[in-house]
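Any value given below was found using the heavy atoms of this structure, including those in side chains, with hydrogens, waters and symmetry copies removed. Both ligands and their constituent atoms are indexed starting at 1 by order of listing.
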Amino acid sequence: MGNTYKAVEVFEPGALRVVERPIAAPGPGQVRIRVEACGICHTDAAAVTGIYPGLNRPRVPGHEVVGRIDALGDEVSKWAIGQRVGVGFFGGEDGVCEPCRRGDIVNCQNPVIPGVTVDGGYAEAMIAEARGIASIPDELTSAEAAPLLCAGITTYNALRNAGLRGGDLVAVQGIGGLGHLGIQFARHMGLHTVAIGRGREKEKLAKDLGAHVYIDTAADDATAVLQRMGGARAILATAPSGGAMGPLVSGLAARGKLIVVGVPQDPMQLSAFPLVFGGRSIYGSLAGTAIDTEDALAFSVLQNVRPMIETVPLEQAADAYARMMQGKARFRMVLVTGDRADERTPAN
Ligand SMILES: NC(=O)c1ccc[n+]([C@@H]2O[C@H](COP(=O)([O-])OP(=O)(O)OC[C@H]3O[C@@H](n4cnc5c(N)ncnc54)[C@H](OP(=O)(O)O)[C@@H]3O)[C@@H](O)[C@H]2O)c1
Ligand SMILES: [Zn+2]
Ligand SMILES: [Zn+2]
């Protein structure tokens, strides 16, 4: 890598280019990561298209980053050079806003977001806040760990914090990067798992991932199928479609929850009736903290949850991003640098 490193930056809305940048030293409380793998999350579209409020260009996207620490800033304890770590969407809290002062740091009002407020992981190197990084277990390769840093933690936390009990009927809507992990987590958490997709193409994949039942919304009314099964205790809505999310409330059992993790551009429309008559609710859930991520990684090792990935060299980021946006990824595109992303054990 020398004194420069390769990065892929957004230089104008919708356009990615490969550039060579001077290597920078981490500041106090920061580490520099030599990136081995970075997943391409649908949320990267907010950086690439420039719709994220206050986004500055050029900006390097990417918040599913795994690599090895190669430099430590001042005041960094706990972490060591050579250690394999990851950083996701939640890259660090400010520690002073009201949610932070109440201990709810994931809802920090001024967070560090890799790929949005600071440069992210579509690069050979990245600077991260030490308080925002997670340790990567040796059992996972860097490429397979990367999607767990956002798609994984998001679905894992949403499910584990939903007050569900073993055997509860739970549906995962949208079978993409998030959804294909959500199905596996739900199944391995002991939940009666329904996958909701559009078209027959993903039925076998969804069942292979652990879904007990697949609903094809092109052929069936998902709410009617769920109601015939007794109603879902929770529906994890991952599809970036507001139009498809709102009606799902009617598929919930009394007191059931629609957990919104997808962030569609179009508004959701809701009928008040199923909310009021049956005490159903709807709320959002955002990624998770670094320590939550370590839980998600440990659970994935324990239960053999793995993302299905397609790896591509960093230089082909623009093509890989386009493939994700076209819904062609099965199920996560992961950018890799060099040849180390398939290694499990930490290098020294
Ligand atoms: N809450 C959080 O912290 C968080 C974290 C990460 C991502 N996100 C958001 O979550 C969403 C999903 O991200 P992702 O990375 O999983 O995206 P993705 O890999 O592109 O997958 C999205 C999936 O949704 C499916 N879909 C779209 N419209 C649908 C519909 N009407 N009915 C059923 N399925 C539909 C697509 O399937 P087709 O093949 O049928 O098109 C696609 O497989 C994005 O909005 C992203 O910004 C939120
Ligand atoms: Zn993401
Ligand atoms: Zn804060």
Worksheet entry | Passing option when S250 is tested against L258, T223, D221, L275 for side chain to side chain contact (heavy atoms under 4.5 Å, CB included) | T223
Item to complete: Could you pull out, from G242, P264, G174, G177, the option with a heavy atom nearest to atom 19 (O) of ligand 1?
Response: G177
Worksheet item: Given M324, M325, R198, which has its nearest heavy atom closest to atom 40 (O) of ligand 1?
Response: R198
Worksheet item: Taking the minimum heavy-atom distance to atom 12 (C) of ligand 1, which of L178, T238, I175 ranks first?
Response: T238
Worksheet item: Any idea which protein heavy atom is nearest atom 13 (O) of ligand 1, and the distance to it?
Response: H42 CB, 3.3 Å
Discussion item. Of all the N, O or S atoms in D94, which has the shortest distance to the Zn ion (ligand 3)?
Written reply: OD1
Worksheet item: What atoms of ligand 1 come closer than 4.0 angstrom to any heavy atom of A239?
Response: 24 (O), 26 (N), 27 (C), 28 (N), 29 (C), 34 (N), 35 (C)
Practice prompt. Would you tell me which option among P240, G243, A244, G176 has the nearest heavy-atom contact to atom 24 (O) of ligand 1?
Written response: P240
Worksheet item: Given SG of C150 on one side and NE2 of H63 on the other, what angle do they make at the Zn ion (ligand 2), to 10°?
Response: 110°
Practice prompt. For the pair F299 and Y156, name the ring-plane relationship: parallel under 30°, tilted 30 to 60°, perpendicular over 60°.
Written response: tilted
Practice prompt. May I have the angle between C97 SG and C100 SG with its vertex at the Zn ion (ligand 3), rounded to 10°?
Written response: 110°
Worksheet item: Who's closest to atom 5 (C) of ligand 1 heavy-atom-wise, of T154, D216, V261, L286?
Response: T154
Discussion item. Checking a contact table here: which protein heavy atom is nearest atom 15 (O) of ligand 1, and how many Å away?
Written reply: R332 NH1, 2.7 Å
Worksheet item: Under 3.5 Å, side chain of D292 to main-chain N/O of D295, donor-acceptor pair present?
Response: no
Discussion item. I'd like to check whether G179 has a polar contact with ligand 1, where a contact means an N/O of the residue lying under 3.5 Å from an N/O of the ligand.
Written reply: no
Worksheet item: Taking only heavy atoms of T43, which atoms of ligand 1 are found under 4.0 Å from at least one of them?
Response: 6 (C), 7 (C), 8 (N), 9 (C), 46 (C), 47 (O)
Discussion item. Check this for me - ligand 1, I196, N or O atoms closer than 3.5 angstrom, yes or no?
Written reply: no
Worksheet item: Any side-chain donor-acceptor pair under 3.5 Å between R160 and N157?
Response: yes
Discussion item. Can you report which non-hydrogen protein atom sits closest to atom 6 (C) of ligand 1, along with the distance?
Written reply: C150 SG, 3.4 Å
Discussion item. In the structure I gave you, are the side-chain heavy atoms of L209 and R187 within less than 4.5 Å of one another anywhere?
Written reply: no
Fill in: Closest to atom 42 (C) of ligand 1 (judged by heavy-atom distance), picking from E201, M245, K202, H63
K202
Worksheet item: Do any nitrogen or oxygen atoms of R330 come within less than 3.5 Å of a nitrogen or oxygen of ligand 1?
Response: no
Practice prompt. Answer with yes or no whether A329 contacts ligand 1, where contact means a heavy atom under 4.0 Å from a ligand atom.
Written response: no
Practice prompt. Please confirm whether A287 comes within less than 3.5 Å of ligand 1 when only nitrogen or oxygen atoms on both sides are compared.
Written response: yes
Item to complete: Could you say whether the N/O atoms of T217 and ligand 1 ever approach to under 3.5 Å?
Response: no
Item to complete: Fit a plane to each ring of H212 and H192, take the angle between them on a 0 to 90° scale, and name the class: parallel (under 30°), tilted (30 to 60°) or perpendicular (over 60°).
Response: perpendicular
Discussion item. In the structure I gave you, are the side-chain heavy atoms of M308 and D208 within less than 4.5 Å of one another anywhere?
Written reply: no
Item to complete: Tell me, with the steps shown, if N304 and H188 meet side-chain hydrogen bond (donor to acceptor under 3.5 Å, both in side chains).
Response: CA-CA 9 Å; N304 207 26; H188 288 287; over 6 Å; no
Worksheet item: Of the non-hydrogen atoms in R280 and L252, which two are nearest, and what is the gap between them?
Response: NE-O, 2.9 Å
Discussion item. Using a 3.5 Å cut-off on N or O atoms only, is G197 in polar contact with ligand 1?
Written reply: no
Discussion item. So is S285 touching ligand 1 or not, going by heavy atoms under 4.0 Å?
Written reply: yes
